[in-house]
Amino acid sequence: KKISEQVFKCLTKVDDLKPVRNRMNFKSVYEIIGQNKYSNHQIEEVINIYRLPQNTLIFPFMEDDFPNSLNLKNSSLLDVTHESLIRNWQLLEKWAMEEYNSSLVYKDLKSHVKRWLDTKQDKTQLLSAGAYDYFQKWNQSINLNLSWVQRYAEHADGNINMEVSSANSEITIHRNNQAGSVAKSAYESIFQFFESSKSQLFRKRIFQKRIFILITLLALIASIGFGFVFYLNYKIDKIADANKIAALASDKLNSDPTL
């Protein structure tokens with residue numbers, strides 16, 4: 001189910017707040033959801049369930065009369081059969097909206113990174129503890145990787161690698177290289193931003209811990225000092241009382257005529 005979810009998140013997007021189809025080649029799908037989690041074969045097996053003649057939910061379909069259709073190639077262009085399927089399949093619509101929300105979080109993160117870079121990596125622009133935890137949980141939930149970033153990189157053309165003629169193949173290669181360069185730069189900046197934020201938060205925690213220890217020691221010293229002062233006052237009062245008693249006894253002795 002998890003692979004199915006990730007596959008359909010790749011093959012859908014939100015346009016004007018409506019989930020629609022998003023064509024993507026098999027290689028891009030694998031790179032987004034595979035990446036040390038699933039093998040190429042595992043992902044293809046799941047996709048093939050939706051390509052069977054009795055299902056035909058994902059194009060290209062598997063046809064017994066065409067053996068070449070049974071296996072996917074890296075360049076195989078995958079597509080949800082009908083957009084009505086997205087609207088009528090509530091779970092698929094839910095997945096599409098989750099992916100859309102993830103893209104919004106990514107845009108928010110990019111704005112943080114941009115401010116940090118624009119201010120020449122000013123430490124004041126790094127993430128607070130709460131923001132760092134929030135973005136890290138998001139990062140772990142989507143398994144952020146270079147291919148996912150490339151999908152949302154500016155100037156990217158949807159990661160679609162269709163068969164092209166020699167006349168426009170050079171233009172297509174240039175666009176893909178441009179998208180890849182933008183994505184790589186964004187990906188590296190994001191993780192540099194994460195690491196810098198993490199380091200600063202670590203230093204802050206160490207500093208706060210040292211301040212806490214110092215305050216605790218000062219409080220302990222103050223408590224000992226107050227206790228010692230209280231003890232001295234107590235001893236002084238006792239000595240004063242003893243002196244008074246001795247003075248009274250001396251006066252009685254001096255005034256007694258029998259002595």
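Given the structure is predicted, the values throughout are model-derived calculations rather than measurements. In this chain, numbering begins with 1 at the start of the sequence shown.
- Interatomic distance, Asn25 CG to Asp79 CG, rounded to the nearest 0.5 Å: 12.0 Å.
- Transitive grouping of hydrophobic side chains (ILVMFWY, heavy atoms separated by less than 4.5 Å) keeps Ile215 and Ile224 in distinct clusters.
- One N or O on the side chain of Gln200 and one on the backbone of Lys123 form a donor-acceptor pair closer than 3.5 Å.
- Atoms CZ and CG, from Arg21 and Leu85 in turn, are 10.0 Å apart once rounded to the nearest 0.5 Å.
- When atom types are taken as modelled, the side chain of Asp16 and the backbone of Lys18 share no donor-acceptor pair closer than 3.5 angstrom.
- Contact detail for Ile58 and Thr81: the closest heavy-atom pair is N-OG1, 3.6 Å.
- In the hydrophobic clustering of ILVMFWY residues, with side-chain heavy atoms under 4.5 Å counting as a link, Trp138 and Leu104 come out apart.
- Under the 4.5 Å side-chain criterion, counting only non-hydrogen atoms from C-beta, Thr216 is not in contact with Leu214.
- Considering all non-hydrogen atoms of both residues, Leu146 and Tyr187 come closest at N-CE1, 3.5 Å.
- Within the 3.5 Å criterion, the main-chain N or O of Leu57 finds no donor-acceptor partner in the side chain of Asn55.
- In plain terms, the two heavy atoms of Met62 and Leu70 that are nearest each other are CE-O, 3.7 Å.
- Taking 4.5 Å as the limit, some side-chain heavy atom of Gln121 sits within range of a side-chain heavy atom of Gln192.
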query: Please walk me through it: do Glu45 and Ile49 pass side-chain contact (heavy atoms from CB on, under 4.5 Å)?
result: CA-CA 7 Å; Glu45 276 191 328; Ile49 294 173; over 6 Å; no
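- At a threshold of 4.5 Å between non-hydrogen side-chain atoms, the residues Ile33 and Cys10 count as touching.
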Practice prompt. Test Glu31 against Gln150 for side-chain contact (heavy atoms from CB on, under 4.5 Å), laying out the working first.
Written response: CA-CA 11 Å; Glu31 288 177 345; Gln150 185 166 349; 6.0 Å; no
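- Ser28 contributes no side-chain N or O that, together with a main-chain N or O of Met24, makes up a donor-acceptor pair within less than 3.5 Å.
- Side-chain contact of Ser39 with Tyr30: a donor-acceptor pair under 3.5 Å is absent, judged by distance alone.
- The distance from the CG atom of Leu127 to the CH2 atom of Trp116 is 10.0 Å, given to the nearest 0.5 Å.
- No donor-acceptor pair closer than 3.5 Å links the side chain of Ser185 to the backbone N or O of Ser181.
- For the residue pair Tyr132 and Ser197, the shortest heavy atom distance occurs at CD1-CB, 4.1 Å.
- If you chain together hydrophobic residues whose side chains sit under 4.5 Å apart, Met97 and Val7 never meet in one group.
- No donor-acceptor pair under 3.5 Å is formed between the side chain of Ser196 and the backbone N or O of Phe193.
- Separation of atoms NE2 (His112) and CG (Leu109) is listed at 7.5 Å; rounding is to 0.5 Å.
- With sequence neighbours left out, Lys204 forms a side-chain hydrogen bond (donor to acceptor under 3.5 Å, both in side chains) with no residue at all.
- Closest of all the heavy-atom pairs between Val20 and Glu83 is CB-OE2, 3.5 Å.
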inquiry  = Between Gln90 and Lys94, is the side-chain contact (heavy atoms from CB on, under 4.5 Å) condition met? List the steps.
reply    = CA-CA 6 Å; Gln90 291 184 348; Lys94 173 177 174 289; over 6 Å; no
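- Between the CZ atom of Phe26 and the CD atom of Glu44 there is a distance of 5.0 Å, given to the nearest 0.5 Å.
- Leu78 has its side chain within reach of Leu72: a pair of non-hydrogen atoms, C-beta onward, lies under 4.5 Å apart.
- The main-chain N or O of Ile32 is found under 3.5 Å from a side-chain atom of Asn145 such that the two form a donor-acceptor pair.
- A 4.5 Å side-chain heavy-atom check between Arg23 and Leu11 finds every atom pair outside the cut-off.
- Taking both residues in full, the closest heavy atoms of Thr56 and Pro53 are given as CG2-O, 3.5 Å, listed atom of the first, atom of the second, then distance.
- Taken together through direct or relayed side-chain contacts under 4.5 Å among Ile, Leu, Val, Met, Phe, Trp and Tyr, Leu52 and Val29 form parts of separate hydrophobic clusters.
- For the atom pair Lys110 NZ and Tyr152 OH, the distance stands at 11.5 Å (nearest 0.5 Å).
- Using a 4.5 Å cut-off on side-chain heavy atoms (C-beta onward), Tyr100 and Thr12 make no contact.
- Taking 4.5 Å as the limit, some side-chain heavy atom of Phe135 sits within range of a side-chain heavy atom of Val105.
- Proximity of Lys13 to Pro19: side-chain heavy atoms (C-beta onward) are nowhere separated by under 4.5 Å.
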For Asn139 and Phe191: C-alpha separation, side-chain torsions, deciding distance, then whether side-chain contact (heavy atoms from CB on, under 4.5 Å) applies. CA-CA 10 Å; Asn139 173 23; Phe191 278 91; 4.0 Å; yes
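- Between Phe230 and Phe226, the ring center distance fails the sub-6.0 Å criterion.
- Less than 6.0 angstrom separates the ring centroid of Phe59 from the ring centroid of Phe61.
- Side-chain contact of Glu99 with Trp148: a donor-acceptor pair under 3.5 Å is present, judged by distance alone.
- There is no path of hydrophobic side-chain contacts, each under 4.5 Å, that joins Trp95 to Val14.
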